[in-house]
Protein chains: 2
Amino acid sequence: MLKNSEFVSKLRNSGLRPTKQRLKICEVLFNRDKTFHFTINDLAKNISENFNEKISLATIYNTVHAFKDKGYLKEITISSDKSYFDTNITKHHHFYDEDTNLLIDCNDNEIGKVNIKNNITGKKISSVEVLVRVASDTQNQS
Amino acid sequence: MLKNSEFVSKLRNSGLRPTKQRLKICEVLFNRDKTFHFTINDLAKNISENFNEKISLATIYNTVHAFKDKGYLKEITISSDKSYFDTNITKHHHFYDEDTNLLIDCNDNEIGKVNIKNNITGKKISSVEVLVRVASDTQNQS
DNA sequence: TTAGTAATTTATAATAGTTCTAAACTAAAT
DNA sequence: ATTTAGTTTAGAACTATTATAAATTACTAA
Ligand SMILES: [Mn+2]
Ligand SMILES: [Mn+2]
Ligand SMILES: [Zn+2]
Ligand SMILES: [Zn+2]
């Protein structure tokens, strides 16, 4: 629930010029109560259907990647043919519903802390992500 | 370390005809001591460089997917632009070295059991996968 | 064996997500 | 105002993957 002037500052502070396109994307992504997951295609469709503005696909890609680089979005990879982005940038895990293709955040009461006992020598852990795939109880095992 | 006649049975038992191409792919994938991770491209290159046989890319895709469907391979998705396959079909987790783009299996002494306290109602867990991204200790935080 | 058939392979086209290009446009600095 | 560097854009290019449809091969049953 941030307002326009806050987005302007946020962008300026990140070295990104507050253009009309970026502000619209900020509004769509960050001006809401709850975080959510989206694909580039979702976002493009959302903007073109619900607003008069037409933002080119290239700009949507550029902006989403810029926001990811600045740490305002996280990227979640579930399958090789689609990339999901997450406006929840806190450390958390996911359920992936294979029936609906929907990503669902895990709370700490759903997945306990992952215990990493040994790491690769000379390397630093940059992230730890758990993906729990779930599917409808019926129609299993092909 | 399986031999040719074993691959023939394995394929027949799966309802797949033991063609020259499938047997060659079995040999490359399964006739070794240790499991490993590969991309379709790795596999295609491996076959074309190390053997006289020329297997079309379409057949490599078809075969790898057939093997995955039969449970002889697991697919691991790390980034949206490349899919990895794993000849280790046991439940296990991975380190992903962002410097070298290499996947490394985790042993149970490296990552403890993931504790899933609550699951989505009406859904069955089909897999639980942990991916630990690691990178060189120097040159962090862009 | 020898057809007959269904499965498989293959080259190639098509598709889809994403990145690149280079020209037009815009925000900020002087 | 003018300049400059950053940004947007349409469209081309790229890349991984899937689809197509004709040729080939593996199996079946006479
Ligand atoms: Mn793709
Ligand atoms: Mn792609
Ligand atoms: Zn999330
Ligand atoms: Zn593995």
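Reminder, nothing fancy here: chain letters follow the sequence lines and each chain counts from 1.
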Identify, with sequence neighbours excluded, every residue that meets salt bridge (charged side-chain N to carboxylate O under 4.0 Å, His left out) alongside [X].
X: A:E129; value: A:K74
X: A:K123; value: B:D97, B:D99
X: A:K68; value: A:E75

Looking at five pairs on each end of the helix from C:dT1-D:dA30 to C:dT30-D:dA1, what is the angle between the two axes, given to 10 degrees?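 End axes: 20° apart.
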Could you write out each protein N or O paired with an N or O of nucleotides 21-24 of chain C at a distance under 3.5 Å?
none

Any residue in residues 71-78 of chain A with a heavy atom nearer than 4.0 angstrom to DNA chain D? Just list them by number, or reply none.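 Per residue number, the list is empty: none.
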Let's see if you can work this out: which of C:dT19, D:dT7, C:dT10 has an atom nearest to the side-chain heavy atoms of A:R22?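 Comparing C:dT19, D:dT7, C:dT10 against the side chain of A:R22, the answer is D:dT7.
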Nucleotide nearest B:Q21 when distance is taken to its side chain, options C:dT9, C:dT18, D:dA10: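 Out of C:dT9, C:dT18, D:dA10, the nucleotide with an atom closest to B:Q21's side chain is C:dT9.
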Sequence-distant partners of A:H93, ring-ring contact (aromatic ring centres under 6.0 Å, His included), two or more places apart: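 Partners of A:H93 by the ring-ring contact (aromatic ring centres under 6.0 Å, His included) criterion come out as none, since no residue qualifies.
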Looking at residues at least two apart in the chain, or sitting in another chain, which of them share a ring-ring contact (aromatic ring centres under 6.0 Å, His included) with A:F36?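 Per chain and number, A:F36 pairs via ring-ring contact (aromatic ring centres under 6.0 Å, His included) with A:F38.
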Under the side chain to side chain contact (heavy atoms under 4.5 Å, CB included) test, which residues partner B:L57, sequence neighbours left out?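 Residues passing side chain to side chain contact (heavy atoms under 4.5 Å, CB included) with B:L57: B:I40, B:A44, B:Y61.
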Length of the line joining B:K82:NZ and C:dT19:P, which is rounded to integer Å: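 It is 14 Å, rounded to the nearest whole Å.
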A:L23 CG - D:dT8 P separation (whole Å):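 Rounded to whole Å, this separation is 10 Å.
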Got a sec, which hydrophobics cluster with B:I104, joining ILVMFWY side chains under 4.5 Å apart, including via others?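 Joined to B:I104, directly or through intermediates: A:F95, A:I104, A:I111, A:V114, A:I116, A:I120, A:I125, A:V128, A:V130, A:V132, A:V134, B:F95, B:I111, B:V114, B:I116, B:I120, B:I125, B:V128, B:V130, B:V132, B:V134.
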Counting only side-chain N and O atoms of B:T59, is one of them less than 4.0 Å from OP1 or OP2 of C:dT10?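 Result: yes.
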Under the side-chain hydrogen bond (donor to acceptor under 3.5 Å, both in side chains) test, which residues partner A:N13, sequence neighbours left out?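 Per chain and number, A:N13 pairs via side-chain hydrogen bond (donor to acceptor under 3.5 Å, both in side chains) with no residue.
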What are the two closest heavy atoms between B:N109 and A:K117, and how far apart are they?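 Heavy atoms of B:N109 and A:K117 come nearest at O-CB, 3.3 Å.
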If only atom types and distance count, is the side chain of B:S126 paired as donor or acceptor with the main-chain N or O of A:R133 below 3.5 Å?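 A pair under 3.5 Å: yes.
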Taking the six-membered ring for Trp, are A:F7 and A:F30 parallel (under 30°), tilted (30 to 60°) or perpendicular (over 60°)?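 If you compare the ring of A:F7 with that of A:F30, the planes turn out tilted.
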Please tabulate the protein-to-nucleotide N/O contacts below 3.5 Å involving nucleotides 23-27 of chain D, giving atom names and distances.
unit_1	atom_1	unit_2	atom_2	d
D:dA26	N3	B:R17	NH1	3.2
D:dC27	OP1	B:R12	NE	3.4
D:dC27	OP1	B:R12	NH2	3.1

Is there side-chain contact between A:T87 and A:Y72, with heavy atoms separated by less than 4.5 Å?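 Contact flag for A:T87/A:Y72 side chains = no.
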Is a donor from one side chain sitting under 3.5 angstrom from an acceptor on the other, for A:S79 and A:D81?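 A pair is found: one side chain offers a donor N or O, the other an acceptor, under 3.5 Å apart.
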